[in-house]
Amino acid sequence: MSDILDQLTEAQRAAVTHMEGPLLVVAGAGSGKTRVVTRRIAHLIQRGVWPNQILAMTFTNKAAREMVERVQSLTGERPPWVGTFHSACARFLRRDIEVLGDGRTGQFTIYDDDDQLSIIKLCMKEAGVNPHELTPSAVRARLSRAKCAGVDPDGLEADPDWQSRQVVGLYRDYERRLRELNAVDFDDLLLLSVRLLQEHPARRDVYHSRFRYILVDEYQDTNHLQYLLMRLLTGPEQNVHATGDPDQSIYSWRGAEYRNIMEFQKDFPKATLIRLEQNYRSTQLILNAANELIRFNTERIDKELFTENDSGVPTQVIHTATDRDEADWVAQRVQALRLEGVRLRQMAVFYRTNAQSRPLEERLMSAGVPYQLIGGTRFYHRQEIKDLLAHLQLMVNPRDAVALQRVVGCRPTGVGPKTVEAVVRQSADDGVAVLDLLADPAFPTRFRGRCNARLAAFAAWCRELRDLPRSPVGDCVAAVVEHSGILPHLAERQGRDPLALDRQENIAAMIDRAREFEHEHPDAALEAFLEEVALVADVDSHDPDSDVLSLMTLHACKGLEFPYVFIVGVEEGYMPHQNVIDHGSDRDVEEERRLLYVGITRARRAVALLHAEDRFLWDRASTRVPSRFLSELPSDDVERIDLVGRRSRRYSRW
DNA sequence: GGCGACCAATTTTTT
DNA sequence: ATTGGTCGCC
């Protein structure tokens with residue numbers, strides 16, 4: 001017990017020892033929030049609460065894992081259930097989705113945003129919508145926004161915005177298709193869980209008696225559905241604990257409403273409010289810069305972080321001639337710090353968009369600086385990985401015709417889109433899952449189309465796929481790779497596809513990943529593996545133990561900290577982003593400012609903000625303007641270094 | 001109808 | 001860098 005309460009300030013201790021009733025902790029950047037949350041969980045457990053009566057929801061799987069580890073080392077007990085909203089919902093639905101009676105079963109597939117987009121394109125094609133007038137990604141954004149706000153097609157029909165009403169038909173088609181495919185998208189995980197709890201009080205009671213303590217981290221970034229979920233999961237005892245910081249809300253584009261945190265006390269009038277404003281992470285000068293910057297936002301609760309740390313060194317603002325010089329400066333500075341004995345894992349580079357990593361990577365590579373890229377072209381989104389996953393998804397969910405199409409298309413099978421279309425139509429007519437139809441030994445008699453030898457051979461192959469052993473997971477994935485013929489097919493393409501070798505290696509890495517998963521969860525089913533793969537975030541791949549430089553977007557850096565931080569591309573067009581300048585409101589600009597605030601407050605010892613005079617954008621040179629946010633920094637605490645016209649020409653490619 | 005080759009178009013941020 | 005479209009060949 002004693003070490004749980006060790007070295008805590010009064011405010012922190014009050015939060016840690018809070019037992020019953022609603023609790024809101026407004027925790028500024030670097031104020032020891034994680035510490036407070038993990039210790040509160042440990043404290044609850046030590047006071048006799050069973051770990052499995054606690055449900056904690058974090059923003060990323062990595063945060064969840066960390067929390068589990070820390071609680072475990074504090075208590076030595078079995079850890080509570082910690083996960084993201086999405087993974088918790090996936091588990092609720094695996095169990096209970098059939099209660100909803102919309103035709104979906106516990107074997108549902110989780111579609112990622114790419115799958116979502118292809119379904120929307122299909123719907124648009126069928127409805128004869130011109131994709132140039134209304135782009136599929138705009139439709140997706142609207143549908144997602146509607147879903148996250150809890151608006152169904154009927155509700156959208158009443159929307160005052162005609163552009164929203166325009167997509168009502170597509171919304172209905174899209175939903176119908178997902179139901180037929182026995183699939184859900186990310187938003188559905190939340191939406192259907194909310195529906196489950198709202199419409200089936202008996203299920204809700206089950207969850208209430210199971211989870212007596214609910215904790216929600218990063219509350220400023222919850223959307224309406226997540227808010228409803230929290231309220232629905234909170235039992236009559238109201239043991240709900242939310243933690244967050246309105247100044248770090250950076251996901252409004254995904255439906256996050258930081259008003260949720262502002263109104264917690266209205267929702268729970270008995271709530272205890274604890275504010276953590278002392279920062280233990282950064283130097284005074286870093287904090288001055290951050291405080292001064294965020295003061296320019298009008299919509300916020302007044303909050304001023306303070307620290308008793310050293311004043312440190314001024315924040316540097318570096319103006320270079322080109323993007324190449326910018327990358328060069330970072331590489332050289334990293335090398336210099338290394339010579340001073342700073343480890344690479346103590347440094348990180350942040351940027352606004354994933355595409356900005358390219359010039360950095362080139363310089364770092366030639367300078368011999370090892371780095372890890374968080375995000376970017378994500379592993380699980382590579383085509384060969386998606387091809388392999390489609391096989392597994394089809395095994396689990398025999399109704400997944402989208403997966404079937406991918407399986408057919410990833411290598412020559414003698415079967416093409418037209419034939420698949422006919423088979424899918426037949427399976428719909430018969431009311432039989434498409435894989436079950438194909439795998440049926442009586443397929444030729446049940447399929448009313450032409451059944452030539454190639455199709456019969458493919459049907460036999462499908463039967464073998466369906467009957468492969470599904471556990472243990474590692475063996476299953478290896479067997480599917482073997483059966484799929486993906487590797488020989490890639491080997492054959494070696495000459496024409498320069499990436500063929502990489503792809504083969506990625507497939508091998510995927511088998512390793514499955515074996516690892518099997519090792520961590522010996523009894524887990526194939527479904528569980530697919531779920532993990534579908535729901536892992538990019539920050540989840542961040543490995544703080546390997547001694548390399550970390551590169552990531554400003555969104556991905558949330559929740560992390562590094563002694564030395566570089567932020568590149570601090571220019572109009574990136575910060576704020578061009579889309580915000582062109583179409584955004586003041587509120588959107590404020591979110592961009594918060595994004596930079598989050599980046600700066602990750603740093604313990606020093607921050608450098610870089611911007612270039614000229615930059616290659618879409619293969620064309622463009623002249624850049626420093627970000628408006630740079631002029632908002634306190635000039636006394638900032639050191640401005642202008643390198644334009646000095647060493648630039650040496651490295652310039654013009 | 002299937003398949004391979006070639007060209008264009010898209011990328012803000014992510015569970 | 002993936003994908004979706006079109007074209008010519010089997």
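All chains are named by letter (A, B, ...) in the order of the sequence lines, taking the proteins before the strands, and each is independently numbered beginning at 1.
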Taking all non-hydrogen atoms of both residues into account, name the closest pair between [X] and [Y] and its distance.
X: A:Asp400; Y: A:Leu394; value: O-CD1, 3.6 Å
X: A:Asn182; Y: A:Gln107; value: ND2-C, 3.8 Å
X: A:Ile567; Y: A:Ile600; value: CD1-N, 3.9 Å

What is the nucleic acid contact for [X], judged by heavy atoms within less than 4.0 Å: base, sugar-phosphate only, or nothing?
X: A:Thr419; answer: sugar-phosphate
X: A:Arg140; answer: nothing
X: A:Tyr251; answer: sugar-phosphate
X: A:Thr135; answer: nothing
X: A:Val415; answer: sugar-phosphate

A:Trp253 over B:dT13, stacked by centroid distance under 5.5 Å, angle under 30°: yes

Distance check needed: [N] [atom2] versus [X] [atom1], whole Å only.
X: A:Phe85; N: B:dT15; atom1: CZ; atom2: C1'; result: 12 Å
X: A:Leu117; N: B:dT14; atom1: CG; atom2: C1'; result: 14 Å
X: A:Glu531; N: B:dT15; atom1: CD; atom2: C1'; result: 13 Å
X: A:Asp187; N: B:dT14; atom1: CG; atom2: P; result: 16 Å
X: A:Asn506; N: C:dT2; atom1: CG; atom2: C1'; result: 14 Å
X: A:Leu122; N: C:dT3; atom1: CG; atom2: P; result: 14 Å
X: A:Asp115; N: C:dT3; atom1: CG; atom2: P; result: 10 Å
X: A:Gln356; N: B:dT12; atom1: CD; atom2: P; result: 12 Å

For [N], does OP1 or OP2 lie under 4.0 Å from any side-chain N or O of [X]?
X: A:Arg503; N: C:dT2; result: yes
X: A:Asn579; N: B:dT12; result: yes
X: A:Asn354; N: B:dT12; result: no
X: A:Thr60; N: B:dT14; result: no
X: A:Asn223; N: B:dT15; result: no
X: A:Ser87; N: B:dT15; result: no
X: A:Lys418; N: B:dG2; result: no
X: A:Arg496; N: B:dA5; result: yes

What's the closest nucleotide to the [X] side chain, out of [options]?
X: A:Gln383; options: B:dG1, C:dT2, B:dT14; result: C:dT2
X: A:Thr353; options: B:dT13, B:dT15, C:dG4; result: B:dT13
X: A:Phe186; options: B:dT13, B:dT15, B:dT11; result: B:dT15
X: A:Arg352; options: C:dA1, B:dT13, B:dG2; result: B:dT13

Whichever of A:Thr413 and A:His577 has its nearest DNA chain B nucleotide further upstream toward 5': A:Thr413

Whichever of A:Glu591 and A:Pro412 has its nearest DNA chain B nucleotide further upstream toward 5': A:Pro412

Does the ring centre of [Y] sit less than 6.0 Å away from the ring centre of [X]?
X: A:Tyr251; Y: A:His555; value: yes
X: A:His577; Y: A:Trp253; value: no
X: A:Phe296; Y: A:Phe629; value: no

Atom CZ of A:Arg95: over 12 foreign heavy atoms under 6.0 Å: no

Span that lies between the P atom of B:dT11 and that of C:dG5, in whole angstrom: 15 Å

C1'-based separation of B:dT12 from C:dG4 [nearest Å]: 23 Å

